[in-house]
Structures are given as structure tokens and as C-alpha cells.
Amino acid sequence: MKYWLMKSEPDVFSIDQLKKDNTTWWEGVRNYQARNFMMKDMQVGDAVLFYHSNAEPSGVAGLAKISKIAAPDKTQFDKKSEYFDAKATKEKPIWYCVEVEYVEKFKEVVSLSDLRNNEKLQDMVVLQKGSRLSVQPVEKKHFDIVKKMGGL
DNA sequence: GCCAACGTTGGC
DNA sequence: GCCAACGTTGGC
């Protein structure tokens with residue numbers, strides 16, 4: 001079982017929305033590195049830190065898990081979608097996404113500065129300078145610390 | 001295959 | 001809204 005951090009702007013899709021819907025396809029990722037993590041490495045049951053970016057405050061808002069392995073992202077075929085990709089065909093899809101299921105919301109967001117202030121988290125990918133990957137691996141020890149910081 | 005120009009992400 | 005860092009595109 002692996003551990004991940006997945007970013008979402010709460011104005012677009014928040015952990016509250018995931019709680020309401022219970023599951024969601026993680027559509028709209030248009031970065032190959034992030035896609036490859038979803039396509040090749042994620043398994044059902046993997047644990048996810050749900051991260052709010054461009055938020056007040058930005059940080060980890062709660063926990064989720066992978067509920068279905070990667071399938072073609074249907075927004076790439078939808079001309080009306082902002083995620084439409086003219087180069088993708090049904091026979092040869094370019095973008096894939098996993099299904100994510102709600103687990104638990106933290107009582108309070110564990111903010112970026114909370115993470116930065118924890119010595120044991122210094123080498124987390126999300127804290128590295130210029131780290132923009134919206135889907136990234138997390139080490140178990142880091143996952144456990146963040147979970148504890150979130151009160152779970 | 002190089003690399004300049006451009007676009008995007010995301011913290012602040 | 002600014003801008004640093006990074007990814008992608010396209011001319012050559």
C-alpha cells in the first residue's frame with residue numbers, strides 16, 4: 001500500500017464536496033508525471049492526503065483513499081470541457097484518472113506553515129521549492145505525522 | 001535535439 | 001495581482 005498527496009483548489013473541488021459525493025473521479029490532471037503516478041502506481045486502498053491549494057489557508061484538509069484504479073479521463077473527449085484535448089481519441093486516450101473516496105476531514109486544516117514548521121517533514125515533496133506536482137508520493141512516516149497533526 | 005518563448009501553478 | 005519555478009511548444 002502506498003501513500004499520496006493530491007492537490008485540489010477548494011473553489012473548484014473541496015474536501016466538503018468529496019464528503020458530500022463520497023467518491024469522485026480525479027479528472028483534469030494534465031501533467032504527465034502526475035498522470036503516470038495515477039496510471040502506473042496507484043492501487044485500490046492507497047491512502048491520500050487531500051490538499052487544498054490556493055486556499056485560506058493552503059494545506060492538508062483531510063484524508064481520502066483510492067477506490068478505483070485509473071481509467072480514461074472522460075473530460076479529454078468533451079469539447080465543452082476546459083480539459084478537452086483534441087489529440088486524444090477513444091482508441092488512444094492520453095489522460096487517465098483514478099477514483100478517490102472520502103475518508104475523513106481534519107477538524108482544522110494542517111496548513112503549509114504547520115508542515116514547514118515540523119522538522120520531521122522537511123523532505124516532503126510538497127515542501128520542496130517550486131514543487132507544483134498535483135499528484136505526488138508521500139512516505140508512510142510523513143503520512144502518519146500529518147495524520148496525527150490533523151487530530152486523527 | 002536545443003532552447004527561447006510562452007503558459008500554468010500556487011504561495012504570498 | 002505579482003512573480004518564481006517549472007512544464008510545454010515549436011522554430012530551427
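Within every chain, numbering begins at 1; the chains are lettered A, B, ... in the order of the sequence lines, protein sequences first and strands thereafter. Only heavy atoms go into these numbers, but all of them, side chains included; no hydrogens, no water, no symmetry mates.
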Could you list the donor-acceptor pairs under 3.5 angstrom formed by side chains in residues 124-137 of chain A, with sequence neighbours left out?
| from | atom 1 | to | atom 2 | distance (Å) |
| --- | --- | --- | --- | --- |
| A:Q128 | NE2 | A:Q122 | O | 2.9 |
| A:Q128 | NE2 | A:M124 | O | 2.7 |
| A:S131 | OG | A:V125 | O | 3.0 |
| A:Q136 | OE1 | A:V126 | N | 2.8 |
| A:Q136 | NE2 | A:L133 | O | 3.0 |

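- Sequence neighbours left out, not one pair with a member in residues 96-131 of chain A passes ring pair (Phe, Tyr, Trp, His ring centres under 6.0 Å).
- Considering only residues two or more places apart in sequence or on other chains, A:E104 meets the side-chain hydrogen bond (donor to acceptor under 3.5 Å, both in side chains) condition with none of them.
- By the side-chain hydrogen bond (donor to acceptor under 3.5 Å, both in side chains) test, A:R30 is found to be paired with A:D73, A:T75, residues two or more places apart in sequence or in another chain being considered.
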When you compare the protein's N or O atoms with those of nucleotides 1-7 of chain B, which come within less than 3.5 Å of each other, and at what distance?
none

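- For the contact set between residues 124-131 of chain A and DNA chain C, defined by any heavy atom under 4.0 Å, the members are A:K129, A:G130.
- For the pair A:Q33 and A:N54, nearest-nucleotide mapping onto DNA chain C gives the more 5' position to A:N54.
- Applying the ring pair (Phe, Tyr, Trp, His ring centres under 6.0 Å) test to every pair with at least one member in residues 32-82 of chain A, sequence neighbours left out, gives these pairs: A:W4-A:F37, A:W26-A:F50, A:Y32-A:W95, A:F50-A:H52.
- One interatomic measurement links the two molecules: CZ of A:R30 to P of B:dT8, which rounds to 13 Å at whole-angstrom precision.
- Not counting sequence neighbours, A:D78 has no partner by the salt bridge (Lys or Arg N to Asp or Glu O under 4.0 Å) test.
- The salt bridge (Lys or Arg N to Asp or Glu O under 4.0 Å) test applied to A:E99 returns A:K68, not counting sequence neighbours.
- Between its two ends, the helix from B:dG1-C:dC12 to B:dC12-C:dG1 turns its axis by 10°, counting five pairs per end and rounding to 10 degrees.
- In this view, A:K147 satisfies the salt bridge (Lys or Arg N to Asp or Glu O under 4.0 Å) rule with no residue, not counting sequence neighbours.
- The distance between atom OH of A:Y32 and atom P of B:dT8, rounded to the nearest whole Å, is 15 Å.
- Under the rule for a salt bridge (Lys or Arg N to Asp or Glu O under 4.0 Å), A:D41 has no partner lying at least two apart in sequence or in another chain.
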